[in-house]
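Notes for the one structure printed next.
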Amino acid sequence: MKIFLDTANIEDIKRGAAMGVLDGITTNPSLLAKEGVEYKERVLEIAKIVDGPISAECISETTEELIAEAFRIAEWHENIVVKIPFTEAGLAATNQITSEGIKVNTTLIFSPNQALLAAKAGSTYVSPFIGRLNDAGHDGMEVIREIADIFNQSELETEVLTASIRNPRDVIDAALSGSHIATIPPNVLFNMINHPLTDKGIDLFLADAKKYSPV
Ligand code: E4P
């Protein structure tokens, strides 16, 4: 499973990239707003750090406006994936944009039906939001399993990009559920590093290493 970082924060992206584990980045308007930066400038800054797909979201609402916005955003950098919220207008825009070679990440997916429609329209990635589904009393991971099964059985090339991840266990469950990608918030990625038994083991090795002459 590929790992994307779900953030627009440059320090976190640098830290994740230095770990050598990042395959791409996802951003959204809320993540950009938290940084208080200029959109295009930040996306281009990210592209210098991570050599992989970078999702940048459209905010238009009609098909025509979405298509125009998608073409503008896609021109910024070759690694840009245009993120389009799941709507009827978004599906029509996706179909047109992808037929002209632009990659689309359909976001705000909450059901296998929506994922199937997005894939049929030509989406490169679909982003089901598991945390928000769980918050609303649904089983987010069951939605991931069903989408992955449908894509496999129908031989659809669209990749399942599990989003709205809240903890390290979500990442394991996404991988086991057949998700192609997990987009992980920085705090969750950095928590995945930690295990108390690793810390204890290092302390013990360091203590024992003092008992012999170092090389
Ligand atoms: C994904 O692309 C979204 O940016 C993100 O995962 C949403 O997560 P949230 O539900 O924690 O806002």
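Counting starts at 1 for both ligands and their atoms, following the listed order.
For ligand 1, the atoms closer than 4.0 angstrom to any heavy atom of Lys83 are 1 (C), 2 (O), 3 (C), 4 (O). Below 4.0 Å from some heavy atom of Arg132 lie the following atoms of ligand 1, by number and element: 7 (C), 9 (P), 10 (O), 12 (O).
Residue Glu100 qualifies as enclosed at atom CD: its count of foreign heavy atoms under 6.0 Å is above 12.
Using a 4.0 Å cut-off between a side-chain N of Lys or Arg and a carboxylate O of Asp or Glu, Lys48 and Glu45 do not qualify as a salt bridge. Using a 4.0 Å cut-off between charged side-chain N and carboxylate O, Asp203 and Lys200 make no salt bridge.
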Distance-only criterion, 3.5 Å: show the donor-acceptor pairs between side-chain atoms of residues 143-155 and protein atoms not counting sequence neighbours.
| unit_1 | atom_1 | unit_2 | atom_2 | d |
| --- | --- | --- | --- | --- |
| Arg145 | NE | Glu142 | OE1 | 3.0 |
| Arg145 | NH2 | Glu142 | OE1 | 3.0 |
| Ser154 | OG | Ile150 | O | 3.1 |

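Considering backbone and side-chain N/O atoms, Ser127 never comes within less than 3.5 Å of an N/O atom of ligand 1. Residue Asp6 has at least one nitrogen or oxygen atom sitting less than 3.5 Å from a nitrogen or oxygen atom of ligand 1, judged on distance alone. Considering backbone and side-chain N/O of Thr27, none are found under 3.5 Å from N/O of ligand 1.
Side-chain contact annotation: Thr26 with Ser55, donor-acceptor N/O pair under 3.5 Å absent.
The main-chain N or O of Ser164 is never found under 3.5 Å from a side-chain atom of Arg132 such that the two would form a donor-acceptor pair.
Among protein heavy atoms, atom 4 (O) of ligand 1 sits closest to Asn28 ND2, 2.6 Å. The protein heavy atom nearest to atom 7 (C) of ligand 1 is Phe129 CE2, 3.5 Å.
Comparing Ser164, Ala163, Pro128 against atom 1 (C) of ligand 1, the shortest heavy-atom distance belongs to Ala163.
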